[in-house]
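Worksheet for the structure shown next.
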Amino acid sequence: MRSEKSRSRRNFLKLGGSTALGLAAVSSLSCQPEKSQTENGQSLQQLNPIRKFPDNFIWGTATAAYQVEGAVNEDGRGVSIWDTYSKIPGKILNNDNGDIACDMYHRYKEDVLLMKSIHAGAYRFSISWPRVFPNGTGTANPKGLDFYNNLIDELLANGITTYATLYHWDLPQVLQDKYGGWQSKETSKAFADYAAYITEKISDRVKHYFTLNEFYSFTDLSYERGELAPGLKLDQKSVAQVRHNAVLAHGMAVQAMRQTTQSPIEIGVAENIVTAVPVIETPENIEAAKKATRELNAGLLTVMMEGKYTEHYLKGLGVNAPDFTDAELKLIGSPLDFVGINVYLANKYVLAATNADGYELLSHAKNHPTMASPWHMVSPESMYWAPRFVKDLWGTNKIYITENGCGATDTLSDDGKILDTDRVMFLKNYLAQLHRATSEGIPVKGYFHWSLMDNFEWIFGYGIRFGLFYTDYKTLARTPKLSAEYFKTIAKNNILV
Ligand code: GBH
């Protein structure tokens, strides 16, 4: 423990030694860089008043339980489908798994200080369902909850607002074995019970909740394409049912949480919205892209916002449409307090068309640039159009960007720095579009960077890094990257730089 600490401190010193990179990663070293930052901050505000974000805009970071916690066999945690899946040879790059990950389970106090050092005012973390309910349902494991209680207390003591995600893909294995996971409404019910339990226990301190994260990933990619846990390749009808059971879980949870909360809370979703972007911003193309965005999300975000499936969606599925009732649709459309969207890219570019749909979807050109993840098309405009269409389509008055960031194979320079100019470039461009949105009055209230630190990147294992902090997976030391300094400058001054 002690040697870990001094190791990370040494790394910090290397980076912090230069005034330009004066990051206060460790509180005891914070005095000097803080001062120059404040002066710097004032001049920034004077120079660029027009670049300010709205007052009280929230700058936070995000992680997910299986990707950072490690400690998979501790304190009574049950097995999740990701424990199982990551152990199947060949599924994960280098056969990596989340057994240790960033070991945040033991290092959360240090990590809260990292957040503080970059002026992150909020933290979006996920709760591991099998830590709290090792068997998915039934008797809770108090030690599992203790970890989150401690984390929450530590965050609040450091002035960091807590945003809890209840499901970030780590389904209890028991529910997969017993019910086929999301193939059954039993899993939806179990999720609602688990969610109700969590709000009952932590709503005295946690006021913001996201039900489930990125439906498409844990439905289609997991049950149809077999790319993510549990790695199934089911038929269309079964997958449509999986999607339906997932949004049903969301709706049931919203209702259940409102019943058990101890005090007023805000509930939303954290969805990887499929974003259609007008390739040329004419009124016709904008209208077409808005229409396309509604249809491209029909089975997930759209039904959660509207409480009904679009005709286009049901027609497209035909006999493969899911089984559902009106009462279920009503639950699925339960009113939310905000909408969270993960924004990484423009999934499609759009032109207006005279066909029946009214739009034409363009795929990315062959040489469209990507970041290190092969799926990650560089498309900063998505950061404007995604929240704009959420507002225009559904009249949402509170939106959070629950994730944005990019992967890289960051390497350390000889003197121990991580000068991730690629990530800084990425952020500058995306945040400029976010600023465009807020300055037009699109009600984005906060931004959570994915991720606080490098972590287990699902099938890419530890091979692709998304952090503002570099994780040394041998020593588990965390070192701020150049992008951490960039984030800090923005978060501290609430201004686009
Ligand atoms: C998020 O997914 C996740 O919430 C987070 O856990 C993850 O670490 C982070 O982003 C970075 O990946 O079939 O070609 O589309 C981002 C959106 C959607 C990206 C599914 C990967 C699969 C590849 N993800 N996509 S593809």
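In listed order, ligands and their atoms are each counted from 1. Residue numbers start at 1 and run along the sequence shown. These numbers come from the heavy atoms of this one structure, side chains and all, not from hydrogens, waters or symmetry mates.
The single protein non-hydrogen atom nearest to atom 10 (O) of ligand 1 is Tyr344 OH, 3.0 Å, given as residue, atom name and distance. Nearest non-hydrogen protein atom to atom 15 (O) of ligand 1 is Trp375 CB, 4.1 Å.
Salt bridge annotation for Asp111-Arg107: absent, with no cationic side-chain nitrogen under 4.0 angstrom from a carboxylate oxygen. Salt bridge annotation for Asp83-Arg77: present, with a cationic side-chain nitrogen under 4.0 angstrom from a carboxylate oxygen.
Seen from the ring of Phe215, Arg243 does not count as a face-on cation partner, given the 6.0 Å and 45° thresholds. Cation-pi contact between Arg436 and Tyr384: present, with separation from the ring centre below 6.0 Å and deviation from the ring axis of at most 45°.
The contact set between ligand 1 and Glu214, taken as ligand atoms under 4.0 Å from a residue heavy atom, comprises 1 (C), 2 (O), 3 (C), 4 (O), 16 (C), 17 (C), 18 (C), 24 (N). Heavy-atom contacts of Glu227 reach the following atoms of ligand 1: 13 (O) (cutoff under 4.0 Å). Heavy-atom proximity to Phe466, at under 4.0 Å, picks out these atoms of ligand 1: 11 (C), 12 (O). Those atoms of ligand 1 that come under 4.0 Å of a heavy atom in Leu221, given as number and element, are 13 (O), 20 (C), 22 (C). Set against the non-hydrogen atoms of His168, the atoms of ligand 1 under 4.0 Å away are 3 (C), 4 (O), 5 (C), 6 (O). Under a 4.0 Å criterion applied to the non-hydrogen atoms of Ser217, ligand 1 contributes the atoms 18 (C), 20 (C). Within ligand 1, counting atoms from 1 as listed, the ones closer than 4.0 Å to a heavy atom of Asn272 are 17 (C), 18 (C).
In this structure the side chain of Lys233 never reaches within 4.5 angstrom of the side chain of Arg225, judged on heavy atoms.
Of the residues Arg294, Glu295, Lys315, the one that meets the side chain to side chain donor-acceptor pair (under 3.5 Å) test with Thr310 is Glu295.
Aromatic ring centroids of Trp375 and Tyr344 lie under 6.0 Å apart.
Residue pairs satisfying the salt bridge (charged side-chain N to carboxylate O under 4.0 Å, His left out) criterion with at least one member in residues 447-468, sequence neighbours excluded, are listed as follows: Asp454-Arg465, Asp454-Lys481.
Residue-to-ligand polar distances keep Trp169 apart from ligand 1: every N/O pair is separated by 3.5 Å or more.
Here Lys237 pairs with Asp323 under the salt bridge (charged side-chain N to carboxylate O under 4.0 Å, His left out) rule; sequence neighbours left out.
A heavy-atom separation below 4.0 Å is not found between Phe460 and ligand 1. Contact analysis puts Arg225 in contact with ligand 1, with a non-hydrogen atom separation below 4.0 angstrom.
If you check each of Glu403, Glu457, His376 against atom 8 (O) of ligand 1, the one with the closest non-hydrogen atom is Glu457.
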